[in-house]
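Single-structure report; data block below.
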Amino acid sequence: MARRSTPLLRRLLAPSPSPSASTPLAGAVSRRTVTYMPRPGDGAPRGVTLIPGDGIGPLVTGAVRQVMEAMHAPVYFETYEVRGDMPTVPAEVIESIRRNKVCLKGGLATPVGGGVSSLNMQLRKELDLYAALVNCFNLPGLPTRHDNVDIVVIRENTEGEYSGLEHEVVPGVVESLKVITKFCSERIAKYAFEYAFLNNRKKVTAVHKANIMKLADGLFLESCREVAKKYPGIQYNEIIVDNCCMQLVAKPEQFDVMVTPNLYGNLVANVAAGIAGGTGVMPGGNVGQDHAIFEQGASAGNVGNEKIVEKKRANPVALLLSSAMMLRHLQFPSFADRLETAVKRVIAEGKYRTKDLGGTSTTQEVTDAVIAKLGL
């Protein structure tokens with residue numbers, strides 16, 4: 001269980017030194033004022049369900065555990081072994097998430113073709129995690145093809161083509177259903193506009209294919225337009241999904257918050273992640289009315305190849321940043337800020353990076369570097 005030592009409290013209460021002009025993050029990390037006034041009892045340690053997952057999952061979730069312990073974050077983990085080839089998510093895991101309301105998850109392998117269904121989808125449906133959020137942004141010091149990228153992709157998570165409603169009508173003929181409802185379309189639109197409003201975002205873009213799927217995507221657009229009228233201070237526009245992908249590659253800085261149906265969101269988030277530094281650094285999560293699961297934002301089901309696992313060179317940055325999102329969700333903002341700042345300092349310094357970021361470091365080396373930056 002988490003604890004806070006007296007020296008740690010002194011360090012937290014002491015004013016943070018402003019970064020000098022010579023530091024990599026000078027100007028990028030500003031000193032934050034105290035704005036969060038906790039209610040009595042808010043500092044009590046919170047239980048978090050932990051699913052290490054398959055492949056690189058245990059490596060990156062292990063990195064998160066080490067960092068949380070190093071900064072004495074007020075969370076403790078209930079760990080459950082779940083594999084992607086299981087027929088279903090064990091009942092005790094669902095019960096743990098319902099009890100804790102928050103879960104941190106490594107990637108679960110999703111079988112391709114017939115056989116076992118995706119456990120990721122099972123979790124989303126069982127807990128009604130209707131909004132998936134991926135934040136794709138440039139990290140200071142990490143070279144990318146485009147600058148000034150800061151895109152939030154908010155994806156409807158429970159219906160549409162990606163929900164897996166399909167069956168074989170007769171041998172050799174498969175019917176895959178795309179179900180779009182006004183209820184789900186309205187609530188994801190409300191979530192996107194509320195997110196933009198609360199996070200000082202200026203624009204929401206609805207991604208669609210209503211020129212072809214006039215009824216299904218037309219209903220989605222109709223819902224977005226109705227919700228947009230309630231937020232006159234936020235600019236609203238629409239874009240066809242194929243043009244969206246082209247515009248993302250050509251001029252990504254034009255996008256701010258994007259709201260999408262299920263399948264399009266998966267594609268758009270991965271494109272946005274690719275131009276902003278890769279899936280290894282993009283945080284994300286799935287949230288519903290009562291529960292939330294935090295995981296690597298883009299390609300969360302990608303568990304890495306065997307060589308990465310054998311050499312222990314998985315990139316923990318995405319899940320570390322996702323765990324910072326989790327800490328804010330749990331109303332521990334100062335811990336989230338410390339973690340996020342430490343990760344950004346390591347990336348900016350450039351000494352410790354995994355292969356996907358152009359380095360040769362192991363997961364443990366990156367983790368140790370982040371821990372070393374926590375007190376700065």
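Residues Cys224 and Val259 approach most closely at SG-CG1, 4.2 Å, considering heavy atoms. Pairing each heavy atom of Asn138 with each of His146, the nearest pair is ND2-O, 3.1 Å. Minimum heavy-atom separation, Val64 to Phe77: CG1-CZ, 4.5 Å. Closest approach of Val82 to Asp54, counting heavy atoms only: O-OD1, 4.3 Å. The minimum heavy-atom distance linking Ile347 with Leu142 is given by the pair CG2-CB, 4.0 Å. The minimum heavy-atom distance between Leu59 and Ala314, with the atom names listed, is CD1-CB, 4.0 Å.
Scanning for side chain to side chain contact (heavy atoms under 4.5 Å, CB included) contacts around Glu95 gives Arg99, with sequence neighbours left out. In this view, Asn270 and Asn266, Thr279, Ala298, Ser299 satisfy the side chain to side chain contact (heavy atoms under 4.5 Å, CB included) rule, not counting sequence neighbours.
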Legend entry - Pair Lys182-Glu226, salt bridge (charged side-chain N to carboxylate O under 4.0 Å, His left out): steps then yes or no: CA-CA 11 Å; Lys182 190 172 183 62; Glu226 290 178 4; 3.2 Å; yes
Inset, instruction - Could you walk me through whether Arg313 and Asp356 pass salt bridge (charged side-chain N to carboxylate O under 4.0 Å, His left out), step by step? - result: CA-CA 9 Å; Arg313 295 185 185 276; Asp356 59 311; over 6 Å; no
Inset, instruction - Run the numbers on Glu295 and Asn286 for side-chain hydrogen bond (donor to acceptor under 3.5 Å, both in side chains), then give the verdict. - result: CA-CA 8 Å; Glu295 58 189 342; Asn286 305 276; 2.6 Å; yes
Inset, instruction - Take Asp256 and Arg201, measure what salt bridge (charged side-chain N to carboxylate O under 4.0 Å, His left out) needs, and give me the verdict at the end. - result: CA-CA 7 Å; Asp256 191 358; Arg201 296 276 181 161; 2.8 Å; yes
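For Thr79 and Arg65, the side-chain atoms include at least one donor-acceptor pair closer than 3.5 Å. Defined by atom type and a distance below 3.5 Å, a donor-acceptor pair is missing between the side-chain atoms of Ser185 and Glu156. With 3.5 Å as the limit, one finds no donor-acceptor pair spanning the side chains of Arg46 and Asn100. Checking Tyr76 against Glu78 by side-chain atom types alone, no donor-acceptor pair falls below 3.5 Å. Residues Asp368 and Tyr352 bring no donor and acceptor atom of their side chains to less than 3.5 Å of each other. In summary, the side chains of Asn157 and Lys125 do not present any donor paired with an acceptor at a separation below 3.5 Å, with no hydrogens or angles considered.
When atom types are taken as modelled, the side chain of Ser361 and the backbone of Arg353 share a donor-acceptor pair closer than 3.5 angstrom. Remark: the backbone N or O of Pro283 is not paired with any side-chain donor or acceptor of Ser322 at under 3.5 angstrom. Between the side chain of Ser323 and the main chain of Met326, no donor-acceptor pair closer than 3.5 Å is present. At least one donor-acceptor pair under 3.5 Å links the side chain of Asp42 to the backbone N or O of Arg39. Checked by atom type and distance alone, the side chain of Gln122 pairs as donor or acceptor with a backbone atom of Val89 at under 3.5 Å. Counting only distance, with no hydrogens or angles, the side chain of Lys214 and the backbone of Asn211 share a donor-acceptor pair below 3.5 Å.
The neighbour count for Lys351 NZ, taken as heavy atoms of other residues, nucleotides or ligands under 6.0 Å away, does not exceed 12. Heavy-atom contacts from other residues, nucleotides or ligands closer than 6.0 Å to CZ of Phe137 number more than 12. By the 6.0 Å contact criterion, CD on Gln254 is enclosed, its count of non-hydrogen atoms from other residues, nucleotides or ligands being greater than 12. Around the NZ atom of Lys355, the shell of radius 6.0 Å holds no more than 12 heavy atoms that belong to other residues, nucleotides or ligands. Remark: Glu168 CD is packed, more than 12 non-hydrogen atoms of other residues, nucleotides or ligands lying under 6.0 Å away.
Salt-bridge formation is detected for the pair Glu126/Arg98: a Lys NZ or Arg NE/NH1/NH2 atom is positioned less than 4.0 Å from an Asp or Glu carboxylate oxygen. A salt bridge is defined here as a Lys NZ or Arg NE, NH1 or NH2 lying under 4.0 Å from an Asp or Glu carboxylate O, and Lys312 with Glu365 fails to meet this definition. In summary, Glu349 and Lys373 engage in a salt bridge, as defined by a charged side-chain N under 4.0 Å from a carboxylate O.
Looking at Val149 and Thr144, their side chains never come closer than 4.5 Å, going by heavy atoms from C-beta outward. At least one side-chain heavy atom of Val93 sits less than 4.5 Å from a side-chain heavy atom of Ile51. Side-chain contact between Leu119 and Arg83: absent, with no pair of heavy atoms (C-beta onward) separated by less than 4.5 Å. Inter-residue side-chain proximity for Val287 and Tyr191 is flagged as met; some heavy-atom pair is nearer than 4.5 Å. Asp242 has its side chain out of reach of Tyr264: every pair of non-hydrogen atoms, C-beta onward, lies at least 4.5 Å apart. With a 4.5 Å cut-off on side-chain heavy atoms, Val174 and His167 do not count as touching. For the pair Arg225/Tyr236, a side-chain contact is recorded, criterion being any heavy-atom separation below 4.5 Å from C-beta on. The shortest distance between side-chain heavy atoms of Arg328 and Glu340 falls below 4.5 Å.
Annotation: the span from Phe255 atom CZ to Cys244 atom SG amounts to 4.5 Å, rounded to 0.5 Å. In this structure, CG on Leu374 lies 10.5 Å from CZ on Phe335, to the nearest 0.5 angstrom. Taking CE of Met246 as the start and NZ of Lys251 as the end, the distance is 11.5 Å to the nearest 0.5 Å.
Each of Leu133, Val207, Asn262, Ile188 was checked for a side-chain contact (heavy atoms from CB on, under 4.5 Å) with Arg155, and the lone residue meeting it is Asn262.
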